[in-house]
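Below you'll find the structure, written out as structure tokens, and then a few comments.
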Amino acid sequence: MDRIYDIHLKRDTKEHLYVQLYKIIKKQIVNGILKTDSKLPPIRKLANSLSVNNVTVVNAYKMLEENGYVYKIIGSGTFVNSLETEVFNNLVGNEFIDFSLTSIEPNLFPVDNFKDAINITLDRDKGKAFEYQEIKGFKPLRESLSKYLESSNIKASPENIHIISGAQQGIDIISKGLVDFGDTVIVENPTYAGALASFNMRGANVIKAPIEQGGVNIELVEKICKNHSPKFFYSIPNFQNPTGYSYSKNNKLRLLELAYKYKFYIIEDDYSSELNFNGDSNESLKSLDKQKKVIYIKSFSKVIMPGLRLGFIISPSILEKELLYAKHITDISTSGLLQRAFDVFLRNNSLENQLQIIVNTYKTKFDLVKNLLTKKYNNEMICNIPKGGLNFWLSLPSNLDSKELYKNLLKKGVVIAYGEEFFSYSDVNSFYRISIASVSESDIKIGFEIISNTIKEMLLNVNSKESINGYIPII
């Protein structure tokens, strides 16, 4: 385990320290230096040894967890995941084409603008910038967010806005403050694994509703409501993770009607609605809500910087007390310096400029992938093309296994996210997710060629075995 301390971070480059740390530990896992189920150093211990902030290590560990390299055991620590490290033998010293990452490319981070915002904040506020903020968050920032949300037709008083340290913390706070053992929570299936983990840890009765293009089956959801009296419905209605699917406006309105009728709350996770590439309307459920039944979570990780760890919750006033208590016992308050700097960033219109850069960049990538999937690889790489976002949800032909595809691709230097982790049960094996967040256009072309050829090879192997056993292969 001492080998993990053999780390040299470069402080004279533009690449963030936590990204460097993530890559170094990932490489040690890939190369078999860090063995399966071995424990990573405690955050504070590693931070001290590297002379970095604890947050640097936290963010690196979080990226490792999000991409399947490590797993956490509450109260025990962070451990190396089983990655079948022998498949990496041909990759030592090489970079991956990584379609599993959902963080935007570091070269798109608005480093200079945010540095200016921090300097303005420090010059203006001096030591106050490092004081604890009230639990709800820095009031001027909540006022700025209230005004910013008007462009999305979301009316939210600053008093109903709670600043949080990222969307995952928002889900955890809602779970901790509002979900009791045995409460029924409906989730889309598949869905974001971090939400599933939060609800399961609270002992919730998690019921899945399959999602398709256009949203979940509303009739099925109503049957669930009649039989189980749900307390919450967790939804990503625009460019859902992992599928990329979006609810039609009609289904959004119908889901809200169910919430009113059966008296449950909708937890809306809005992590990438800005990335709308087709011009269609993609209103949030919150903007359509007339009876205050939507708890709205928003993070800026996917459009600014993942390590920023800033987001907010808009909650009905009736739930405020429980959420404030859960936030307080979680971390007292979110970083005051970051809140104040982000307020400056918002007021200077830097967020709007950043969003335009992100939308333009990823629209080009999105169109490239759409063209490849519909015109070049449509026989092997089967996908219902979404209308925006960063994710494409693909299914395999015939009886192929996405985990097997994952292993085969690793040997060739390509990483995907196989579908099993996004489902609330583990016997689904035909789906996989591709994210365009951290991959260049040239690598997209190369990666898709490798994926297509690998699927063809797997089909040939399966058909060959079936022929030997007397079966007629179906292609």
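Each residue takes its place number in the sequence, starting with 1. Not measured: the values here are computed from a predicted model.
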Is it true that [X] and [Y] make a salt bridge, defined as a side-chain N closer than 4.0 Å to a carboxylate O?
{"X": "E222", "Y": "K261", "value": "yes"}
{"X": "D270", "Y": "K286", "value": "no"}
{"X": "E150", "Y": "K155", "value": "no"}
{"X": "K365", "Y": "E105", "value": "yes"}

Testing K376, K370, K375 for side chain to side chain contact (heavy atoms under 4.5 Å, CB included) with L372, which one passes?
K376
Just jot down the ring-ring contact (aromatic ring centres under 6.0 Å, His included) partners of [X], sequence neighbours excluded, or say none.
{"X": "Y418", "answer": "Y406"}
{"X": "F99", "answer": "F448"}
{"X": "Y265", "answer": "none"}

Any chance the rings of Y192 and F422 have centres within less than 6.0 Å?
no
Aromatic contact, W393 with F431 (centres under 6.0 Å):
yes
Checking the side chain of S435 only, and the main-chain atoms of L101 only, is there a donor and an acceptor separated by less than 3.5 Å?
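Yes; at least one donor-acceptor contact below 3.5 Å.
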Keeping S402 on the side-chain end and L405 on the backbone end, is there a donor-acceptor pair under 3.5 Å?
no
Before you tell me yes or no, could you show the steps for S235 and E268 under side-chain hydrogen bond (donor to acceptor under 3.5 Å, both in side chains), namely the whole-Å CA-CA distance, both residues' side-chain angles and the distance that decides it to 0.1 Å?
CA-CA 5 Å; S235 178; E268 179 178 13; over 6 Å; no
Taking side-chain hydrogen bond (donor to acceptor under 3.5 Å, both in side chains) as the cut-off, I'd like each qualifying pair that reaches into residues 305-321, sequence neighbours left out, listed once.
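Residue pairs passing side-chain hydrogen bond (donor to acceptor under 3.5 Å, both in side chains), neighbours aside: K136-E320, N160-S317, H162-S315, S301-R309.
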Residue pairs, two or more places apart or on separate chains, that pass ring-ring contact (aromatic ring centres under 6.0 Å, His included) and touch residues 207-240
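Residue pairs with at least one partner in residues 207-240: F199-Y234.
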Listed once per pair and sorted, the ring-ring contact (aromatic ring centres under 6.0 Å, His included) pairs that draw on residues 277-315, sequence neighbours left out:
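Qualifying pairs, neighbours excluded: F277-F366, F300-F342.
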Tell me, do E212 and N384 make a side-chain contact under 4.5 Å, heavy atoms counted?
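Heavy-atom side-chain distance check fails, nothing below 4.5 Å.
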Can you confirm whether F96 sits close enough to V414 that some side-chain heavy atom of one is under 4.5 Å from a side-chain heavy atom of the other?
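Not touching, per the 4.5 Å side-chain cut-off.
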